[in-house]
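Worksheet: the structure to be examined is printed underneath.
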Amino acid sequence: MKLRIRTIRTQTIRLALVLLTIGMVTARAQFPFQQQKPKGQWMDKTLSPDQRADLVIAQMTLDEKVSLLHGGGWAELFGLFTPGGNAPATKSLGNAGYIPGIPRLGIPDLQMADAAVGVTHGSVFGRYCTALPSGVSEASTWDLALAREYGALIGRELRDQGYTMSLGGGIDLTREPRNGRIFEYKGEDPILAGKMVGAEMRALQEQGVVGDLKHYAMNDQENGRNYVNIKIDRRAMRESDLLAFEIGVKDSGVGAVMCSYNLVNGDYACENDYLLNTALKKDFGFQGFVISDWGATHSVAKAALAGLDMEMPGNDHFGEPLKKAVESGEVPASRLNDMVHRILRSEFAVGLFDNPPDRKSVDPMAGFEVAQRVAEQGTVLLKNADAQLPLDASRIRSIAVIGSHADVGVLSGGGSAQVDAAGGNAVPPRAGLSPMEQVFGNPVWHHSSPLKAIRAKAPNAKVEFNEGTDTAAAASLAHASDIAIVFVSQHASEGLDVPSLALPQNQDALVSAVAAANPHTIVVLETGGPVTMPWVDHVGAVLESWYPGIRGAQALANILFGEVNPSGKLPLTFPKSEADLPRPELAHQPAGRPEDMKTLFPGVPYKENTRQFDLAYDEGLKVGYKWYDAEGKGPLFAFGHGRSYTTYAYSDLKLTPGQSPAVTFTVKNTGARAGADTAQVYATLPTAAGEPFQRLVAWEKVQLGPGESKTVTAKLDPHYLSIFHDDHDAWELVPGDYQVQVGGSSRDTPLHGTLSIK
Ligand code: BGC
């Protein structure tokens with residue numbers, strides 16, 4: 001672990017030096033800057049974004065065009081732009097990326113901020129930004145309306161701070177559950193992930209900022225992310241990871257897609273003709289621009305011709321070299337115009353020309369409200385033996401709160417998605433970490449204290465805290481209390497994967513000891529993704545709260561004490577053991593001959609092993625539950641699973657065949673509390689499709705009062721029932737009998753029927 005952190009740190013310092021140089025080279029506009037009122041025919045709002053983009057392009061010089069295709073980035077992290085300090089000649093807002101606009105044409109600046117789970121780096125300018133629950137928590141709500149609120153909030157906070165583009169929208173599927181970035185993403189199912197991110201990005205763009213989906217494609221683990229060559233066949237990728245992007249693009253009209261660091265079938269994702277030109281631009285109809293992940297551009301003509309539109313950060317490829325390639329005809333002028341067109345079109349489409357951001361203070365109260373609601377809906381009650389939850393404060397005399405810094409805060413995910421903790425890290429990091437190190441690999445805790453929130457709910461009970469580092473002391477407090485709530489966590493961050501699915505730092509032993517001391521033990525998990533639970537049979541209840549954001553503790557207390565009835569459902573499988581995974585061992589970059597990182601960060605000698613390595617996705621399209629179903633392996637907690645304080649019954653399945661297939665059924669709340677159930681529809685395709693396992697094809701979240709029934713009709717999108725036919729290079733709906741399963745999780749589908757499609 002230490003070694004891993006040291007490696008990250010060395011990489012980080014090297015990266016810092018390179019980006020410092022890049023930032024200096026690209027810092028060119030004057031500061032402060034007066035926005036000129038855009039003039040020109042392209043300001044006619046009755047024209048389409050495409051027409052308007054072309055009118056601007058007709059006025060542009062070659063240099064101006066090239067200037068829009070690259071920029072600086074991460075400036076503030078390296079002291080390039082310190083507010084009130086040595087501000088260089090740039091008007092960058094100092095986040096991940098900055099591309100100066102062209103004032104004479106009214107082209108706005110692209111001010112890009114990482115914003116996967118909230119706007120990042122607020123503290124550099126002393127600004128508040130809402131730390132939302134993680135992306136996987138959002139996905140656990142299965143609620144498109146809430147996904148829209150999530151996106152709208154991020155869009156608003158970006159805009160209020162003057163940003164014009166978000167770098168968020170991560171949807172790499174959970175193929176590798178040890179991936180350090182699962183917390184940013186939306187689980188293992190392409191349709192769920194695609195629909196959720198589509199709703200989020202549409203709402204984000206409605207706030208007048210350009211959205212982005214990332215990391216395209218199959219950047220499903222951090223280990224060796226710059227060198228791993230993913231080997232996968234087309235059908236498998238089109239029906240899994242790429243389908244998530246396809247749906248996300250189509251549902252949102254997103255302005256940008258970020259290509260990833262890794263290679264796919266031999267070509268880097270950012271110069272991969274199939275991924276960019278064929279799949280994304282031609283087949284998905286993506287009209288926006290492809291932006292490279294930071295440092296993921298590897299060539300000039302190859303990348304430009306394969307469909308990359310923007311290099312970030314730096315100008316090594318898409319600066320002078322691209323200009324020369326256009327002058328020599330290696331890259332046709334028409335392609336250059338297409339690159340610029342895509343960028344301008346995305347800016348017009350979200351209104352950046354007509355309605356540039358008007359900076360104002362961010363509204364923290366609105367942020368709290370949305371963050372809390374997402375956390376309440378996204379928390380998953382995994383187990384609740386003998387209805388141990390909810391707690392009844394009037395009957396409890398004492399509660400032991402144990403572990404995971406639950407006295408001060410809740411954990412968050414690290415890396416470029418790290419949202420700064422309002423008021424600083426609730427668990428101060430050791431001294432001497434650079435700003436970069438404070439967010440990459442170092443756990444950040446938001447000031448939302450579970451201990452305080454629990455005390456507020458049970459004012460008459462004695463609520464004591466034990467930090468959980470001394471197992472015996474924790475068990476003794478648990479033994480002396482009516483109820484023990486033990487918090488366990490696993491930090492995850494961009495740049496490294498978790499070493500295993502086991503909870504780190506002896507926390508499994510802690511839970512076992514507490515459970516042995518108190519039969520009313522409730523476990524609260526704060527993790528980026530799934531973990532194993534050797535103690536699961538010995539505890540009363542288990543809640544997965546993910547990284548629950550700035551109001552995580554309040555949301556959790558509402559669930560513990562029954563003010564909120566949990567309704568979250570897992571967007572990914574929790575395996576029983578790593579032995580059940582398609583790859584029991586995490587694929588590591590092999591030790592071997594050293595190379596330099598020349599292609600990645602030019603000019604910086606890099607002495608560690610950088611050898612490319614192949615990673616075959618032999619499981620193909622069987623990602624997550626499809627793998628477990630096909631292999632006949634039982635999960636610890638299945639995809640779609642999540643309990644409630646009430647119970648639901650399913651009945652009256654009716655299937656409507658034909659051109660617009662639909663599934664109708666009734667869900668009844670059979671308990672005494674109001675609740676919401678996410679009813680899930682799965683289909684197993686006809687034998688001829690060659691996929692003898694089910695896939696999620698639709699779902700409906702149904703709100704039900706005690707005893708209430710509702711009849712639900714879910715339309716089935718024929719695309720989601722189709723297969724990608726390699727030979728025909730097209731999606732096809734295979735005629736035949738579709739087995740339809742309906743219920744509350746992928747492993748609990750009481751309704752079955754056959755839908756015939758001709
Ligand atoms: C990450 C991206 C991020 C970019 C800019 C990269 O390291 O992979 O997700 O948007 O940095 O911060």
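Both ligands and their constituent atoms are indexed starting at 1 by order of listing.
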When you check ligand 1 against the protein, what N or O pairs turn up below 3.5 Å? List the atom names and distances, or just say none.
| from | atom 1 | to | atom 2 | distance (Å) |
| --- | --- | --- | --- | --- |
| ligand 1 | 7 (O) | Y261 | OH | 3.1 |
| ligand 1 | 7 (O) | E494 | OE2 | 2.6 |
| ligand 1 | 8 (O) | R181 | NH1 | 2.8 |
| ligand 1 | 8 (O) | R225 | NH1 | 3.4 |
| ligand 1 | 8 (O) | D293 | OD1 | 3.2 |
| ligand 1 | 8 (O) | D293 | OD2 | 2.7 |
| ligand 1 | 8 (O) | E494 | OE2 | 3.3 |
| ligand 1 | 9 (O) | R181 | NH2 | 2.9 |
| ligand 1 | 9 (O) | K214 | NZ | 2.9 |
| ligand 1 | 9 (O) | H215 | NE2 | 2.7 |
| ligand 1 | 10 (O) | D114 | OD1 | 2.6 |
| ligand 1 | 10 (O) | K214 | NZ | 3.2 |
| ligand 1 | 12 (O) | W74 | NE1 | 2.7 |
| ligand 1 | 12 (O) | D114 | OD2 | 2.4 |

Please determine whether a side-chain nitrogen of the Lys or Arg among [X] and [Y] lies less than 4.0 Å from a carboxylate oxygen of the Asp or Glu.
X: D114; Y: K214; result: yes
X: D251; Y: K195; result: yes
X: K231; Y: D614; result: yes

Taking atom types as modelled and ignoring hydrogens, do the side chains of D420 and S123 form a donor-acceptor contact shorter than 3.5 angstrom?
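There is such a pair (donor and acceptor under 3.5 Å, judged by atom type) between the side chains of D420 and S123.
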Distance alone, cut at 3.5 Å: any donor-acceptor contact between the side chains of D220 and Y617?
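A pair is found: one side chain offers a donor N or O, the other an acceptor, under 3.5 Å apart.
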Ring-plane angle category for H215 and Y185, please: parallel below 30°, perpendicular beyond 60°, tilted otherwise.
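H215 and Y185: perpendicular rings.
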